Amino acid sequence: MLGCGMVFQKCKLIHYIGDNMSTDELINISNELSNKDIVELINMNSHRLFIWNPQDKTCYDLDDEVPASLNGSSVQINLQQEDFKFK
């Protein structure tokens with residue numbers, strides 16, 4: 001499909017809107033991302049994500065203000081406070 005497209009400059013990969021990426025393409029992109037990049041992707045797509053807890057069968061939305069953040073050398077997922085059920 002020609003026309004409108006997205007360019008991932010860091011990976012030098014051109015992907016056109018409407019095309020599905022192969023698993024190998026996604027692996028290549030994933031291997032090039034820093035934790036900061038992953039935080040940015042999660043934050044940009046937080047409205048499409050939720051956390052499922054099978055123990056109490058509860059869904060948790062990601063925090064609206066800071067869905068993900070860096071915590072040392074890891075990526076931290078932040079949940080909505082009002083949805084917490086402490087046991």
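Just so we're clear, the structure is a prediction, and the values are computed from it rather than from any experiment.
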Taking every non-hydrogen atom, the tightest pair across [X] and [Y]:
X: Ile42; Y: Ala68; result: CG2-CB, 3.5 Å
X: Asn78; Y: Val66; result: ND2-O, 2.9 Å
X: Glu25; Y: Ser22; result: OE1-N, 2.7 Å

- Query: Does the side chain of Thr58 come under 3.5 Å of the side chain of Asp56 through a donor N or O and an acceptor N or O?
  - Reply: yes
- Task: Run through Val75, Asn43, Leu70 and flag the one making a side chain to side chain contact (heavy atoms under 4.5 Å, CB included) with Ile38.
- Result: Val75
Got a second to check how far [X]'s [atom1] is from [Y]'s [atom2], nearest 0.5 Å?
X: Asp37; Y: Glu32; atom1: CG; atom2: CD; answer: 10.0 Å
X: Cys59; Y: Trp52; atom1: SG; atom2: CH2; answer: 5.5 Å
X: Ser46; Y: Asp64; atom1: OG; atom2: CG; answer: 7.0 Å

- Task: Indicate, with yes or no, if Phe50 and Leu41 share a hydrophobic cluster defined by side-chain heavy-atom contacts under 4.5 Å among Ile, Leu, Val, Met, Phe, Trp and Tyr.
- Result: no
- Query: Any side-chain heavy atom of Leu62 within less than 4.5 Å of one from Ile51?
  - Reply: yes
- Task: Give the intermediate values and the outcome of side-chain contact (heavy atoms from CB on, under 4.5 Å) for residues Ile29 and Leu33.
- Result: CA-CA 7 Å; Ile29 290 172; Leu33 296 175; 4.3 Å; yes
